[in-house]
S.K.: 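This is the structure I have questions about; it appears just below.
Every number for a ligand or one of its atoms is a count from 1 in the order of the listing. Only heavy atoms go into these numbers, but all of them, side chains included; no hydrogens, no water, no symmetry mates.
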Amino acid sequence: MRPEILNPLFAEAEVVKGVGPGLSKALKRLGLTRVIDLLYHLPTGAIERVRARAIGHELVGRIVIVEVTPFETRAAQGRAPFRVFASDADGNTLTLVYFNNPGWAKKSLPLGGKRLVSGKLEAYGQELQIIHPEVAAPGKDADLPLREPVYGLTEGVTNRRMRELAAAALERAPELPEWIEPSLAAREGWRAWRPALAEAHAEPQSSQSRRRLAYDEVFANQLALMLLRQSARRKRGVPLVGDGRLTGKHALPYTLTGAQRRVIEEIRGDMAQPVPMLRLLQGDVGSGKTLVALMAMLSAVEAGAQAALLAPTEILARQHHATLLAQLDSIGVRVAILTGREKGRARDSVYMGLGDGSIDILVGTHAIFQEKVGYKNLGLAVIDEQHRFGVSQRLLLSAKAERPPHLLVMTATPIPRTLTLTQYGEMDVSRIDEMPPGRTPVETRVISDERLAEVIDGLGRHLAGGGQAYWVCPLVEESDKIDSAAAEQRAEMLRLRFGERIGLVHGRMKGPDKDSVMAAFASGELAVLVATTVVEVGVDVPNATLMVVEGAERFGLAQLHQLRGRVGRGAGVSTCLLVRGQNLSETARARLALMRETNDGFRIAEEDLRLRGPGEILGTKQSGEAGFRVASAEEVAELAPIAQSDAQLLLDRDGGLAGTRGQAARICLYLFERDQAVGLIRSG
Ligand code: ADP
Ligand code: MG
């Protein structure tokens, strides 16, 4: 249960003074529904005002506050706006300009009455003017503070109102006990939680307080992951030791790379233990992770257990299933598939086979870990292309079971080490850092979209030579519908030029339709596959040695790298053409240049993080998945290692959640809604 001290913070935003139904609706648009949301809606910067006795040209460009007396108004005429002329203490004339609402202007600036006005001072010819000034009664300087924090706003919520709401929310915020290790807090010069929060609102420039709040969030995240690990480690797993009868019989078409051999040994070592394995396998696209998974699953089957392989998409599940069937049928291993598409009797028979143990290996999509699916003895769960499978889902897998299966998570998303820590901090990491022999690196070129005609000519030559190609359409919006329409158009245009061997897959197509297009492309029946990013992961068509990516600057680098991994799978030289828009920023150019320069996914990931620079946010996909609201990507990267050792100290030295500091840490977990971890500890 949530610590009582936090109840006021989790109350609805309506409890704050001045928040009625109308305002609450506007706040909802900003995602602010509870008091705590208001508290963590931190200002993005501040404006500085200058209090001047009188105006002058030297103040142009500054935001001034000055006391004036309006003496004349002039109605809007033609393109000239409504104006109020006023004089300051020295008799200079200041023009106050209104492009709308002259009635309000007249009322708030009565002729002959003193008023404080504020706004950016501009020169208009010889005249000095302020457009749409803020107005306060004389002496009410407090209404126009010299420094004012600036908030993210929406229609119906002014900055002043947001400031008031933050203040009101702060009043409801209790002092909280400290969860940060004292020597760390001292070293960083951090204040306690409440004063830090107050300062982050009042003085947005005070980077220390902001940093502390970001740290809290990263700490909650790391602690939650470590608690997970602890609880998983406390459970008993089933030690699985294969006898080599299947892996020995299984004739490999090639020799394993050194890296594959090493990680297979690491995995087998884990599986032989009585505690469940929690291992992340990182390996660039094409590094041969599938084979590693296969060897691990065969070991499990040899030891008398079942194994399950979760793929992120239907297409991939079917591809894995076909590969496994082809390789395993002859050695008597029984493989089945279960996705959202298996219905009725087919589904029932899979359920049955899993329950009575007549299925050894199950491949599928999320359906394979649903409640209804009862395994006889699931010994190993493998999750492929993990980036679509979050922490909480991982949790469910290992937390629910009495004796959880060994867990192997495989990802090709090349993420920097620090991000690995924040997203998979509870796992041990294996890396495949060597490619199978005989790969030629993909040749990458960046081309302006002004030269699209040349790109299409090049595609023509490629097809005439018997090659196949991917054509990836840009991500226009975060909307399937619009992206799919763009892809449809492109496919239509290519068909006009090259005839009917142009296939199309996009996110709005039904599963079976997608599969049949993919199958036709894999068999060579289709020459070009036009696609939105649904083809991002996994599919393997060695004869496709050309990829065109339109609107390349709109993709994340990790995503581009994944896409590019679709080509370069055969023996010949492959080419990737990154078609870019015009007027790119320096950063966008540098990012694309990096793609041209290297094929090393991990280098790309590290540099991408660096190139983003402060202020540039992660794509929604990445930041959303990471689940941080206060800490920026840079802060997460920088603070995660510190938080990790801090959390470790708490667990190893300070008695975990039971100690005094642990009680405080528990509050921190709830504050950032990482409390699932707390529940685990109790039940585990
Ligand atoms: P990923 O790590 O992206 O999942 P895959 O497992 O799909 O990579 O492997 C990519 C390709 O490399 C496949 O065609 C696979 O058959 C091949 N492959 C895997 N291991 C080796 C190896 N040791 N030697 C040669 N080819 C290999
Ligand atoms: Mg793969």
S.K.: Among all residues two or more places apart in sequence or in another chain, which pass the side chain to side chain contact (heavy atoms under 4.5 Å, CB included) test with Pro441?
M.R.: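 Side chain to side chain contact (heavy atoms under 4.5 Å, CB included) list for Pro441, sorted by chain: Asn599.
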S.K.: Would Ala412 count as a contact of ligand 1 if the rule is a heavy atom under 4.0 Å away?
M.R.: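 No heavy atom of Ala412 comes that close to ligand 1.
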S.K.: Which residue from Gly288, Pro542, Gly565 reaches closest to atom 9 (O) of ligand 1 through any of its heavy atoms?
M.R.: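 Checking each option, the heavy atom nearest atom 9 (O) of ligand 1 is found in Gly288.
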S.K.: Would you call Thr255 a ligand 1 contact, heavy-atom distance under 4.0 Å?
M.R.: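 So Thr255 counts as touching ligand 1.
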S.K.: Please name the pair of heavy atoms, one in Leu225 and one in Gly425, separated by the smallest distance, quoted to 0.1 Å.
M.R.: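 Looking at all heavy atoms of both residues, the closest pair is CD1-N, 3.4 Å.
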S.K.: So do the side chains of His406 and Asp270 get within less than 4.5 Å of each other, counting heavy atoms only?
M.R.: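 Answer no - side chains too far apart.
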S.K.: Sequence neighbours left out, what passes side chain to side chain contact (heavy atoms under 4.5 Å, CB included) with Glu638? Give chain and number order.
M.R.: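 Only Arg211 meet the side chain to side chain contact (heavy atoms under 4.5 Å, CB included) criterion with Glu638.
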S.K.: Do Cys473 and Val530 have side chains that approach each other closer than 4.5 Å (heavy atoms only, starting at C-beta)?
M.R.: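 With C-beta onward as the side chain, the pair touches.
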S.K.: Run down the list Thr290, Leu294, Thr411 and name the one with the heavy atom closest to atom 4 (O) of ligand 1.
M.R.: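 It is Thr290 whose heavy atom sits nearest to atom 4 (O) of ligand 1.
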S.K.: May I ask you to check whether Leu291 has an N/O atom sitting below 3.5 Å from an N/O atom of ligand 1?
M.R.: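 So ligand 1 has no N or O lying under 3.5 Å from an N or O of Leu291.
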S.K.: Heavy-atom distances under 4.0 Å decide this one: backbone, side chain, both or neither, for Met410 against ligand 1?
M.R.: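 Within the 4.0 Å criterion, Met410 makes no contact with ligand 1.
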S.K.: Using non-hydrogen atoms of the residue, decide whether Gly283 is closer than 4.0 angstrom to ligand 1.
M.R.: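 Flag not set, Gly283 not near ligand 1.
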S.K.: Might you work through the salt bridge (Lys or Arg N to Asp or Glu O under 4.0 Å) test for Asp433 and Arg431, ending with a clear yes or no?
M.R.: CA-CA 6 Å; Asp433 50 9; Arg431 261 194 188 187; over 6 Å; no
S.K.: Does ligand 1 have any atom sitting under 4.0 Å from a heavy atom of Asp284?
M.R.: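 Heavy atoms of Asp284 do come under 4.0 Å of ligand 1.
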